[in-house]
Amino acid sequence: MRWCVVGRRGDGWSLVDVGADGAVGTALPVGDADLPSAIADRERTRAPRWVWCDTPHVYAPLLGAGVRVARCHDLRLVHQILRHAAAVGAGPAASALRSAAEWNAPPRAAPAPPAATPGAPTLFDDEVAAAPEPGGVPESIDAALAEFERQRAALAAAQPSSGLARLIAAESAGALVAAELTAAGLPWDADEHDRILAAALGPRPPLGVKPERMQQIGADVRRHLDAPDAPLDSPPRLLRVLRAAGIEVASTSRWELREHEHPAIAPLLEYKKLSRLLTANGWTWLDDWVHDGRYRPVYVPGGVVTGRWASSGGGALQIPRMLRPAIRADPGWVLVSADVAQLEPRVLAAMAGDRAMAAAGSGKDLYAGIVESGAVATREEAKYAVLGAMYGATSGEGGRLVPRLRRAFPAAMRLVDDAAERGAAGGTVSTWLGRSSPAPDAEWNAAQAAASLPGASARDEALARRLARERGRFTRNFVVQGTAAEWALCWLAELRTRLAGLDPVPADRAARASGPVFARRPHLAFFLHDEVIVHAPLAQADAVSSAVEESARAAGRLLFGSTPVEFPLDLRASERAEKS
DNA sequence: GGTCAGAGCGCG
DNA sequence: AAAGCGCGCTCTGACC
């Protein structure tokens, strides 16, 4: 028995074993209240790969009940991958999968910010079970079994060399990690957050009152503009006031304002910075998202076309660096933070088998290595050249430097240039493990068709060329960003498994706010594209640091086998994730 | 009363 | 000095 499919039947649940040969076992009915213990029992005795419709929907309540599982297969996420994957081909298995439109659904609506009191409603509450959120995939056991069979058939029909099997395992592991990150939460020092806000904005004002510092700086701006009522919070109205004051700008954005000499500019930029801090991550955000010493954002695995995660609620992917000092371990615990140095160019070097680029990255700093190779003169140039190569820069610093990179690293550049060419021609591209880019939409195709007609106008042709170039830049970046996301998923999955193997600490040293599954164990607390933070008991700091390093090496091997490309980490263990 | 696109800026 | 990928969130102002 390899798999156990979980789905709804009647008022409760049904568990159905599926063997390696696809043989379907007898259904075991389980009531709502008994699902956590039924899953925990099987996890202990047989450890199947759990097959379910939508991980957050099923797994979040399990975590709340103290149940962790090792492996799953998320039918919704896997469907999204297989539906578009070029490696699946166009045979009957692929057609059957693609015609199951009900599985081509976005994740369920994000839950509201967590309630101030613990014990938020769960799947097992009658109310929630009776009225599932709209937008989700089917959840019945019959629908799940049928879809699982379609997916197995589609995968069997895929090119054997494709990485799809690894991709869907990694994607599903990511779904488990995402649910666990929300359940455990990121340890957040609300007092430190308040201190940072107060240092920048002044003390917390009453509702509807602007913070002291914003009032002062706003007054400075208005004085310098000679406009006592200048509306600083409305870009279109502010723009008119600026132009009236002789500042010739086309927008009120920072990069344009910075180019002008006027006494109002400096305080205005400062005002905008403070305004951003207040509205995006001020006291209201703190009230909404931090409870019980934990920040619990909602992550959306696979939420970006490239395979990166998105977030929905809480803004997990946009925490400003100036608030990072508020990330603080519980007493007796420590934060192990790690990020990969230049993940995307390293991934590109490995994909392309570019030996020169691999050699340049053999130290800790790929950009320094590129300077040593003689391709460019300074580290800054190396950075702009590499970003320009991956994003498709045509002008500016990046555009100027890319040709030099093309001479120094021809294999790597050929890979991204080919991806751009295919995209510009309306084709699709795929990541290393086989996630394919979406096909062009109808509007794009129509524009290309219009430009190729005999009577096409110059405007039609210009539009078609611009759209083709834009799509080329997208597919150019897709292969790199998407494969980097796959590396990160493998890193997460490996790390999650290693952390689960470490011994729990005694109950008197528990971090209770991390929830029943993680209170006594090191656990992932944060993930952002190429960085992780693990919250760990102090005594396990070294073991966790080793696990983070080992997982990074394992991720490189899992994707690329034996490659000369290294994926070095910046790693530190301390009470705070970042110095204040 | 509500929805919606754009501007602007935070992150990688 | 500023153009080149992928996002989410908040605010504003136009609109129904």
Side-chain angles (χ1 to χ4, degrees), chain A residues 110 113 210 231-240 249-260 268-269 271-282 284-285 288-289 297-324 339-345 347-348 380-381 383-402 405 416 419-420 423 429 431 435 437-438 466 469-485 487-488 526-532 578:
Chain A
K210 279 235 157 66
L232 304 182
D233 299 316
S234 165
R237 289 158 68 199
L238 174 60
L239 184 61
R240 284 197 289 273
V249 285
S251 77
T252 64
S253 58
R254 192 177 49 193
W255 65 267
E256 193 171 358
L257 288 172
R258 220 164 32 193
E259 301 310 307
H260 288 79
L268 177 55
L269 293 178
Y271 180 90
K272 287 161 78 81
K273 188 176 167 173
L274 296 180
S275 172
R276 167 76 191 190
L277 176 65
L278 175 69
T279 56
N281 296 100
T284 309
W285 181 92
D288 285 345
W289 289 101
V298 177
Y299 296 90
V300 185
V304 178
V305 276
T306 59
R308 271 189 176 180
W309 289 12
S311 71
S312 165
L317 311 185
Q318 304 144 251
I319 298 301
R321 295 218 84 96
M322 71 176 290
L323 287 179
R324 294 289 183 98
D339 67 272
V340 196
Q342 305 102 27
L343 174 58
E344 291 191 357
V347 158
L348 171 57
E380 280 300 285
E381 283 191 334
K383 191 172 167 181
Y384 279 106
V386 166
L387 292 178
M390 294 189 308
Y391 294 163
T394 53
S395 62
E397 185 83 347
R400 184 171 70 77
L401 292 165
V402 167
L405 221 54
V416 285
V429 296
T431 60
R435 191 189 308 261
S437 65
R466 182 170 65 76
R469 278 196 303 269
E470 282 175 2
R471 189 172 151 76
R473 288 196 297 272
F474 166 63
T475 51
R476 170 191 292 273
N477 186 246
F478 182 95
V479 293
V480 180
Q481 187 183 117
T483 304
W487 186 95
F526 189 66
F527 169 62
L528 179 54
H529 306 318
D530 65 354
E531 67 178 280
V532 298
E578 204 136 321

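Throughout, a chain's letter reflects where its sequence line sits, starting with A, and its residues are numbered from 1. Since the structure is predicted, the reported quantities are computational estimates derived from the model, not experimental observations.
- A:Tyr384 comes within 4.0 angstrom of a nucleotide base, judged by non-hydrogen atoms across all strands.
- Residue A:Arg276 is in base contact, counting any heavy-atom pair closer than 4.0 Å across all strands shown.
- Across all strands shown, A:Val305 has heavy atoms under 4.0 Å from sugar-phosphate atoms exclusively, and none from any base.
- Using a 4.0 Å heavy-atom cutoff across all strands shown, A:Arg254 reaches sugar-phosphate atoms only and no base atom.
- Listed nucleotides: B:dG8, C:dT12, B:dG12. Nearest to the side chain of A:Asp530: B:dG12.
- B:dG8: Watson-Crick or G-U partner is C:dC9, with both key distances under 3.5 Å.
- C:dG4: no Watson-Crick or G-U partner with both key distances under 3.5 Å is found in any strand.
- A:Gly399 comes within 4.0 angstrom of no nucleic acid atom, judged by non-hydrogen atoms across all strands.
- Nucleic acid contact class of A:Glu344 (heavy atoms, under 4.0 Å, all strands): none.
- Heavy atoms of A:Thr252 sit under 4.0 angstrom from primed sugar atoms or phosphate atoms, though from no base atom.
- A donor N or O paired with an acceptor N or O is not found under 3.5 Å between the base of C:dG6 and the side-chain atoms of A:Gln481.
- In this structure, A:Ile319 reaches the sugar-phosphate backbone alone: every heavy-atom distance under 4.0 Å involves primed, P, OP1 or OP2 atoms, never a base.
- At a threshold of 4.0 angstrom between heavy atoms, the contacts of A:Asn281 with the nucleic acid are absent.
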